[in-house]
Amino acid sequence: MEFQSIEKKWQKAWEDKKIFHAKEDSKKKKFYNLEMFPYPSASFLHMGHVRNYTIGDVIARFKRMQGFNVLYPMGYDSFGLPAENAAKKSGIHPKKYTEDAIKKITEYFKAMGNSYDWSRTISTHEPEYYKWNQWFFLKFLERGLVYRKKAPVNWCHECKSTLANEEVVDGCCWRHETTKVEQKELEQWFIKTTAYADELLKDLDKLNWSDRLKHLQRNWIGKSDGLLFSSPVKGSDIILQTFSTHFEAFKADTFIAIAPDHPLLQKLLDGVKNKNEILEFCKKIIQKRKTQKEPEIEGIFTGRYTIDPVGNGELPIWVTSFAIADYGTGIVKCSAHDQRDFEFAKKHNIRLKAVLVPQDPALRKKVENFEICYTDMKNGLLTEPKEFTGKKAGPARQEIIDYCAKQNLAKQTTNYKLRDWLISRQRYWGTPIPIIYCGKCGAVPVPEKELPVLLPEKVDFKVQGNPIASATSWAETKCPKCKSPAKRETDTMGGFVDSSWYFLRYCSPKEKKLPFTKKAVDYWMPVNQYIGGIEHAVGHLIYSRFWTKVLRDMKLLNFDEPFAALFNQGIVYKDGHKMSKSFGNVVYQTDISEKYGIDTARVFLMSVGAPESDMEWSDSGVEGAFRLLQKISKIAELKFKKPDAKDDHKRNILIKNYTQLLETLKFNLAIIELARYADYLAENPTREGYETLLTLLSPFAPHTAEELWHEIRNKSFVSVEQWPAVDEKAISKEIEQQEQILEKTIEDMRRIIKIVNKAPKKIYLYAIPKELDLYKSLKETLQKEFSAEIEVWANNNIRKYDPEHKAEKAKPGKPGIYIET
RNA sequence: GCGGGGAUAGCGAAGCGGUCAAACGUGCUAGAUUCAGAGUCUAGUGGCUUAGUGCCUUCGUAGGUUCGAAAUCAACGAAAGUCCUACUCCCCGCACCA
């Protein structure tokens, strides 16, 4: 088979003629279609990738043919650890390693035949790109959105670098799934994502994203309203802040729980005689958290008390395993009206107090005797404070907030789980952070006109720690302010900075003076269709949204959200596992393209199920897709006839249904429609029909369609052919009905023949008079179908031949049938 | 615990109020073409039944609720993978979250 030459031929022709190059054109409606750009790995693409990028390409091609001005670029997220690790291992410089990988992967991408505009390609490791990361960093710094802070941060000892919260999965590094992330106290750069927490949450409503994904983000942002209580510690100047969302029964609080890894703990324990024992205990709990999925609830008394601000007296402070340093303030006021607190108190004989009771007196007794824990903050009745005695807790919530505020007992606050974004990485292969440390002036930003701060190329990868630090001549510089000797920041930015705005760069990839041209961005953005895996739900997709909002406030953009619609493709499985090297179940692009051609892979991947659902790879399924393309190819060899009404009907109904299915991304169903029509065309070949078929096929099987398009002597590119319009007038109800009747009749005849179990010599049909002409018109088709002579009679014709009185069975839409053998 | 998605014939997968014994693909069976195979084509693929348009049983399990038809009104009746409720199982997020 010659698919390989066909594929190459058309890929080259498309590129030579630049038919997929996008140009701003204010007269045309734009459509920005984008797949999440990949890290350029030198390994082959497997079917999971092919599926993902095919979905994008089908959309791009379809929209383009529909007359949209389509921007469909591809580029590389080319900073990252693999290149650096390769350098350590084999001595290849990350730059060379990356650029070689880009060359290779670009070849694989091109071999898929996707209609990317390659003239807009970007790679984030190029100074022309990362210069703007630095520029944004400085701008954000000016706006107070970047700051440096000493804080406990996530540390992966495999990466030998810090990680953002979003890069920690199940307590492990996202790149090293079995490596537990440790906490280290380090001075690091942060971006203030929390400044936009509320807006990030609110604007989710605007987006055409899946509920699941929105939910993930909502969860991650984790907004909750509550009260912040400040409790002074007895005999100390420490004030403990506690945060409660279920504060209705605040008069019941009888003890305080603090997280074992809470920063205040050390100070709190000063002067406590069993301090070391307590700290030992804390270590143990922290250790357990790392190793156990659901560690048991444990705690130890600190020997200290708070003086409760709301008049609950002195509350003992306990270190407990269930308090989390990261959530709220890391300290909780505990009471009898929380299941966990209740159980903990009982276990450790801590005093309890009930101020929330059910209506039922018997039940109330049990609650007051602490036999059961009552937590109904909606319907429970309050007994304290006295202003609220007898009131239902739920409706009183707001009043309690007001009450506490008025009495200065607590402050209403909103808490977010979202943390500021830690961007410092102690790695070489990333964007240098444009900061200079001066003994006198402190951390001084590199002046804008000195950007980019180029990544030094001559570094020693064999050293311990960050290789960049070995570039001493680079690191040693002068303070931009006072000109005294100073040192450059040797940390680089995490890769998510690169991917937070790359979609803007595609709009004007060659722009030199700014990260992007405003005019181009105004025209192309926002991305109409973004395609990628759900695993980026809380990382990249939050950062990009944040970045967009900041740029909007900098007046660089005039929209709030970068990705109007987001599509999460399903996963490709084989033998019950996600396709991946570690399972050894990978089917590569080349495995299929060499045997069947890439179009077969594309058609199969699009036909097996809805694009958003997971799918199982099947070798026999591929054969089916291959057969379909073969079948379609063979039609080109047939002699075309002039189309009749039925041909027009069939063709137009196909266009109508098919277009509808593509609009709704039901690619699997669209391919079925196409296959059905191909069967029809094989029997009733018309040029119009075939051209339509090829046009509609071209998004899925672009090379095959292009080749056949030229085989029937067309000169243009079907890839940019106009999408056919539906001629509603050609769609006929009668033809549709006739079709159905024909099918039904054939089915009946077959059944009888099967029962008779002999080849028919002659078949007689007895139609009701009204339908006589209809059946006469079907005669020829039926004769062909059964290769037997057929006679059609009116059922009331007295001269008819009807030895078995089958005419009596005739009904509207159902002829009587007599089969002679 | 919270949330999202599922469960349909051997497998994959449509259908999401009546036209459903359930599209399409794959697998399997039979027939045709062929020395044979591959390929291609045709038919069959829940059960029973009749020279057909019939009946029965099925869409995770168990219950429940109805409306409409090519115009209107009234009455009666019948119909659920499809709607509702509960449950079971599977996948995926988040989670001692105060």
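Computed from a predicted model, the values in this text were never measured in an experiment. Quick note: numbers below take in every heavy atom, side chains included, and nothing from hydrogens, waters or symmetry partners. Chain letters run A, B, ... following the sequence lines, proteins first and then strands; every chain starts at 1.
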### Task
Indicate whether OP1 or OP2 belonging to G1(B) is found under 4.0 Å from a side-chain N or O atom of Arg340(A).
no
### Task
Could you work out the separation of A13(B) and G37(B) based on their P atoms and round it to a whole Å?
34 Å
### Task
Please tell me which of the listed nucleotides, C92(B), G12(B), C41(B), lies nearest to the side chain of Val608(A)?
G12(B)
### Message
Whole angstroms only, please: what is the CD-C1' distance between Gln241(A) and A98(B)?
### Response
15 Å
## Note on the structure
Comparing Ile672(A) with Gly624(A), nearest RNA chain B nucleotide closer to 5' gives the residue Ile672(A)
### Query
Rounded to whole angstrom units, what separation is found between the CD atom of Glu612(A) and the C1' atom of A13(B)?
13 Å
### Query
In the structure shown, which nucleotide is the Watson-Crick or G-U wobble counterpart of U53(B), with both distances under 3.5 Å?
none
### Task
May I ask you to verify if any side-chain N or O of Arg627(A) is less than 4.0 angstrom from the OP1 or OP2 atom of G39(B)?
no
### Query
Distance between the P atoms of U58(B) and G63(B), in whole angstroms?
12 Å
### Query
Given A98(B), A95(B), G15(B), which nucleotide is nearest the side-chain atoms of Lys417(A)?
A95(B)
### Message
Measure CE/Met615(A) against C1'/C91(B) and give the value in whole Å, please.
### Response
17 Å
### Task
Starting at atom CD1 of Ile571(A), determine the distance to atom P of G4(B), rounded to an integer number of angstrom.
19 Å
### Task
Please work out which of the three classes, parallel, tilted or perpendicular, describes the rings of Phe243(A) and Tyr327(A), given edges at 30° and 60°.
perpendicular
### Query
When the distance from CH2 of Trp617(A) to P of G25(B) is rounded to whole Å, what number comes out?
18 Å
### Task
Round to the nearest Å and state the distance from Tyr764(A) atom OH to A51(B) atom P.
21 Å
#### Entry: Residue matched to A75(B) through Watson-Crick or wobble contacts both under 3.5 angstrom
none
### Query
In Watson-Crick or G-U wobble terms, both distances under 3.5 Å, what is the partner of A30(B)?
U42(B)
### Message
Tell me which nucleotide, if any, is Watson-Crick or G-U wobble paired with G1(B) when both distances must be under 3.5 Å.
### Response
C94(B)
### Query
Is there a donor-acceptor contact under 3.5 Å from the side chain of Lys214(A) to the main chain of Leu207(A)?
yes
### Task
Enter syn or anti for the glycosidic conformation of G81(B), syn applying to angles within 90° of 0.
syn
### Query
Rounded to whole angstrom units, what separation is found between the CD1 atom of Ile671(A) and the C1' atom of A14(B)?
14 Å
### Nearest-nucleotide pick for Asn219(A), side chain only, options being C41(B), C94(B), A98(B)
C94(B)
### Task
State, with a plain yes or no, whether a side-chain heavy atom of Thr320(A) is found less than 4.5 Å away from one of Phe344(A).
yes
### Query
Distance between the P atoms of G25(B) and U40(B), in whole angstroms?
13 Å
### C59(B) versus C92(B) - spacing of their C1' atoms, nearest Å
24 Å
### Integer angstrom distance from the C1' of A43(B) to that of U66(B)
42 Å
### Task
Pick the P atom in C11(B) and in U65(B), then give their distance to the nearest Å.
34 Å
### Message
If I take atom CG in residue Asn568(A) and atom C1' in nucleotide C91(B), what distance separates them, rounded to the nearest angstrom?
### Response
16 Å
### Whole-Å C1' distance, A22(B) and U82(B)
12 Å
## Note on the structure
Using Watson-Crick geometry (N1-N3 plus N6-O4 or O6-N4) or G-U wobble (N1-O2, O6-N3), each under 3.5 Å, C24(B) is paired with G12(B)
#### Entry: Base-pairing mate for U85(B) - Watson-Crick or G-U, with both contacts under 3.5 Å
A62(B)
### Message
Between U45(B) and U53(B), how far apart are the two P atoms, rounded to whole Å?
### Response
14 Å
### Query
Which class fits the ring pair Phe342(A) and Phe370(A): parallel under 30°, tilted 30 to 60°, perpendicular over 60°?
tilted
